[in-house]
Amino acid sequence: MSHLVVLQHLEREGPGRFAEEALRRGWLVTVCRPDRGEPMPRLGPDQALLVLGGPMGVADIGSPSFPWLEGEVALLRECLECERPVIGLCLGAQLLAFAAGGQVVPLMAGEPPVRAYEVGWGPVAWTPPQGQEPVLAGLGEAMPALHWHGDRIQLPAAATLLGSTPLCAEQLFRIGHHAHGLQFHAEVTDAALEVWLDEDGDYVRQALGPDGVEQIRAGRERWGDAGERQGRRLINNLLDRVAVLLGGYPLL
């Protein structure tokens, strides 16, 4: 049985639709909470790693407030070296890129550049020609997605860029055939988003202004159904790749 091991960093940011789709396939899903002092998992041949998001960042590596970040980077480097399937979401994508030799910097925009935040709904456009990347099968030229970050990934040389937005180019990337990073959030359910808006509303208002929470709810009304439909297709495309790698079959 395939087994998805999840690294979760705070209560409100769970695996969401990734767990739902993995369980639908009959996979085992296990959540590890290093932020609560749980030890870093030791992965076996039938296990893939999903690293979730959180308000901490690559700049916090080495901070006594987040002592587990160094262990996560070490685990990601081990996964990259042995070509174990890995999916990183938001913070997880940033840690994955960092583990592969990339960098993470504050997001800047404008001329002259000023600090920027990408929060709310917006389209992610795919960069390779259609039909070239299996994880983009059936997704057309772009998909609406939920964004929630203020940093930008500077990709390592080994990475292939797959998706971008005008504000932040590095939205979806692949390292080898076994590791994928998503800066945006395809995993968040409607119920989880309400918790995010309640608990992280100050961040939303900092990014979007006093009516930021209302803007995101309005965006969900407009884009949420399409975002969920295409997000689940992307998730299943990613899990298909994981299944191939865990099964030892040749990659197409």
Side-chain angles (χ1 to χ4, degrees), residues 4 6 8 12-25 50-55 87-94 107 116-128 130 133-153 161-174 180-201 203-205 207-208 211-242:
L4 189 65
V6 181
Q8 182 172 337
R12 69 171 175 263
E13 295 203 31
R17 292 169 181 157
F18 270 92
E20 292 175 359
E21 297 303 323
L23 291 169
R24 198 188 312 274
R25 293 164 175 253
L50 174 67
V51 185
L52 302 180
I87 302 168
L89 309 180
C90 200
L91 170 66
Q94 296 171 10
L107 180 62
Y117 299 87
E118 190 173 38
V119 177
W121 294 87
V124 177
W126 313 128
T127 55
Q130 290 193 48
E133 287 288 331
V135 300
L136 301 180
L139 292 173
E141 296 181 353
M143 67 170 274
L146 178 67
H147 305 273
W148 204 286
H149 69 106
D151 289 328
R152 176 180 180 177
I153 299 169
L161 182 64
L162 304 182
S164 295
T165 65
L167 182 58
C168 184
E170 301 83 6
Q171 292 289 340
L172 175 64
F173 62 90
R174 170 175 57 79
H180 290 82
L182 291 69
Q183 179 62 79
F184 56 96
H185 292 277
E187 83 282 8
V188 182
T189 64
D190 287 350
L193 178 56
E194 281 302 313
V195 177
W196 287 27
L197 292 172
D198 180 55
E199 295 185 0
D200 210 18
Y203 181 74
V204 173
R205 286 182 280 271
L208 300 177
D211 65 341
V213 170
E214 289 72 25
Q215 287 184 46
I216 290 182
R217 288 194 176 117
R220 180 181 59 196
E221 288 299 313
R222 181 178 182 183
W223 303 111
D225 288 347
E228 177 175 2
R229 183 174 62 254
Q230 290 183 272
R232 287 188 187 273
R233 178 62 187 263
L234 174 60
I235 287 168
N236 276 293
N237 287 349
L238 289 163
L239 295 180
D240 284 346
R241 302 301 285 172
V242 170

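Everything quoted here is computed from the prediction, not taken from an experiment.
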Given side chains that start at C-beta, do those of [X] and [Y] come closer than 4.5 Å, heavy atoms only?
X    : Y    : result
L52  : F18  : no
L193 : W148 : yes
L162 : H180 : yes
E20  : T189 : yes
E13  : W196 : yes
P15  : L50  : yes
M143 : L234 : yes
W126 : L172 : yes

In this structure, which one of V124, L107, D151, I153 forms a side chain to side chain contact (heavy atoms under 4.5 Å, CB included) with C168?
L107
What closest approach, in Å, do T127 and S164 show between heavy atoms, and which atom pair accounts for it?
CG2-OG, 3.7 Å
Looking only at heavy atoms, the pair that brings C90 and G53 closest together is CB-CA, 4.3 Å
Look up atom [atom1] in [X] and atom [atom2] in [Y], then write down how far apart they are to the nearest 0.5 Å.
X    : Y    : atom1 : atom2 : answer
L136 : E141 : CG    : CD    : 12.0 Å
L4   : L239 : CG    : CG    : 7.0 Å
W121 : H147 : CH2   : NE2   : 9.0 Å
L91  : Q183 : CG    : CD    : 9.0 Å
E214 : L197 : CD    : CG    : 9.0 Å
Q94  : E170 : CD    : CD    : 10.5 Å

What I want to find out is whether [X] reaches [Y] closely enough, with some N-O distance under 4.0 Å, to be called a salt bridge.
X    : Y    : answer
E194 : R220 : yes
E118 : R152 : no
R24  : E21  : yes
R25  : D240 : yes
E228 : R232 : yes

Quick one: does any side-chain atom of [X] pair with a main-chain N or O of [Y] as donor and acceptor, under 3.5 Å?
X    : Y    : answer
Q215 : L208 : yes
R174 : L161 : no
W223 : G122 : no
Q230 : A142 : yes

D225 CG: over 12 foreign heavy atoms closer than 6.0 Å
no
Side chains of R233 and N237: do they bring a donor and an acceptor to under 3.5 Å?
yes
